[in-house]
Amino acid sequence: QVQLVESGGGSVQAGGSLRLSCAAAGATYRNNYMSWFRQPPGKEREAVGYIYTGSSYTYFADSVKGRFTISQDNAKNTVYLQMNSLKPEDTAMYYCAAWPRGKNSGNRFDPREYDTWGQGTQVTVSS
């Protein structure tokens with residue numbers, strides 16, 4: 001059963017914007033930490049940020065603070081990653097992930113802590 005489906009990637013020039021979507025199954029989405037990660041070519045997967053859907057609390061990696069935001073639509077069980085002022089170094093495959101149910105501790109910026117992932121969507125930023 002596919003639980004996370006991303007969409008919205010594409011190619012954009014530096015300084016532009018893109019919005020990614022991650023649609024989740026209801027049980028995965030409700031009152032949970034939904035995270036965004038990215039994996040640049042030839043590099044390890046890294047955290048972008050996350051949202052707690054129970055309160056809309058968000059937290060971001062330093063590399064994207066002030067440029068990226070995460071929001072949610074409870075009617076659609078969907079979280080969004082709005083990316084503004086994009087830079088060539090933002091080029092990566094972007095993934096959403098859901099924090100495992102029942103896991104009370106751990107590093108939400110560590111991709112190894114997650115076991116539910118979307119298929120990924122490519123973002124390419126040209127200079």
Side-chain angles (χ1 to χ4, degrees):
Q1 179 182 358
V2 177
Q3 297 192 52
L4 300 176
V5 179
E6 297 117 338
S7 60
S11 297
V12 65
Q13 289 192 325
S17 298
L18 281 173
R19 189 179 79 159
L20 308 183
S21 301
C22 174
T28 299
Y29 173 90
R30 279 187 296 272
N31 297 323
N32 198 13
Y33 291 90
M34 301 292 295
S35 301
W36 286 95
F37 289 83
R38 66 186 182 185
Q39 188 161 13
K43 296 185 178 181
E44 293 186 352
R45 197 167 295 191
E46 62 184 22
V48 173
Y50 60 79
I51 186 167
Y52 178 65
T53 60
S55 65
S56 299
Y57 171 81
T58 58
Y59 190 77
F60 295 92
D62 288 343
S63 58
V64 305
K65 276 181 184 175
R67 299 188 299 123
F68 291 11
T69 59
I70 300 174
S71 60
Q72 64 188 89
D73 183 335
N74 293 339
K76 297 180 179 179
N77 292 343
T78 297
V79 297
Y80 302 96
L81 177 65
Q82 177 67 44
M83 304 182 292
N84 299 327
S85 302
L86 282 162
K87 305 175 181 180
E89 51 263 44
D90 294 317
T91 294
M93 184 72 78
Y94 283 71
Y95 299 90
C96 66
W99 187 255
R101 286 292 186 189
K103 192 169 188 176
N104 296 320
S105 64
N107 181 357
R108 292 186 179 89
F109 271 19
D110 185 346
R112 297 170 297 179
E113 301 273 11
Y114 294 79
D115 58 7
T116 302
W117 292 87
Q119 81 284 3
T121 185
Q122 178 68 36
V123 171
T124 302
V125 184
S126 58
S127 57

request  = Enumerate the residue pairs fulfilling salt bridge (Lys or Arg N to Asp or Glu O under 4.0 Å) with a member in residues 105-121, sequence neighbours excluded, ordered by first and then second residue.
outcome  = K103-E113, D110-R112

task = If a pair satisfies salt bridge (Lys or Arg N to Asp or Glu O under 4.0 Å) and one of its residues is in residues 117-127, list it, with sequence neighbours excluded.
result = none

Between [X] and [Y], is there shared hydrophobic-cluster membership here, with clusters defined by ILVMFWY side-chain heavy atoms closer than 4.5 Å?
X   : Y    : value
M93 : L86  : no
Y80 : V64  : no
V48 : V12  : yes
W99 : W117 : yes

Side chain to side chain donor-acceptor pair (under 3.5 Å) pairs, two or more places apart, involving residues 48-59 =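 Non-adjacent pairs meeting side chain to side chain donor-acceptor pair (under 3.5 Å): S56-Q72.
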
For residues 33-41, run the donor-acceptor check on the side chains, cut-off 3.5 Å, and write out each pair with its distance to 0.1 Å, sequence neighbours left out.
| residue | atom | partner | partner atom | Å |
| --- | --- | --- | --- | --- |
| S35 | OG | Y114 | OH | 2.6 |
| R38 | NE | E46 | OE2 | 2.6 |
| R38 | NH1 | D90 | OD1 | 2.8 |
| R38 | NH1 | Y94 | OH | 3.0 |
| R38 | NH2 | E46 | OE2 | 3.2 |
| Q39 | OE1 | R45 | NE | 3.3 |
| Q39 | OE1 | R45 | NH2 | 3.3 |
| Q39 | NE2 | K43 | O | 3.1 |

Got a second to check how far [X]'s [atom1] is from [Y]'s [atom2], nearest 0.5 Å?
X   : Y    : atom1 : atom2 : result
C96 : E6   : SG    : CD    : 4.0 Å
L4  : Q119 : CG    : CD    : 9.0 Å
R30 : N77  : CZ    : CG    : 6.5 Å

query = Going by distance alone, is a donor N or O of one side chain under 3.5 Å from an acceptor N or O of the other, for T116 and Q3?
reply =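 Distance-only check fails for T116 and Q3.
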
note = Residues passing the ring pair (Phe, Tyr, Trp, His ring centres under 6.0 Å) test with Y95, sequence neighbours excluded, are none

inquiry  = Can you confirm whether V125 sits close enough to K87 that some side-chain heavy atom of one is under 4.5 Å from a side-chain heavy atom of the other?
reply    =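 Of all side-chain heavy-atom pairs linking K87 with V125, none is under 4.5 Å.
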
key: Q122 side chain near T91 side chain, heavy-atom distance below 4.5 Å   =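 Yes. Closest side-chain heavy atoms under 4.5 Å.
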
task = Check N31 against R101 and note the closest heavy-atom contact, atom names and distance.
result = O-NH1, 3.3 Å

Please output the side-chain donor-acceptor pairs of residues 14-25 that fall under 3.5 Å, not counting sequence neighbours, one pair per line with the distance.
| residue | atom | partner | partner atom | Å |
| --- | --- | --- | --- | --- |
| S17 | OG | N84 | OD1 | 2.9 |

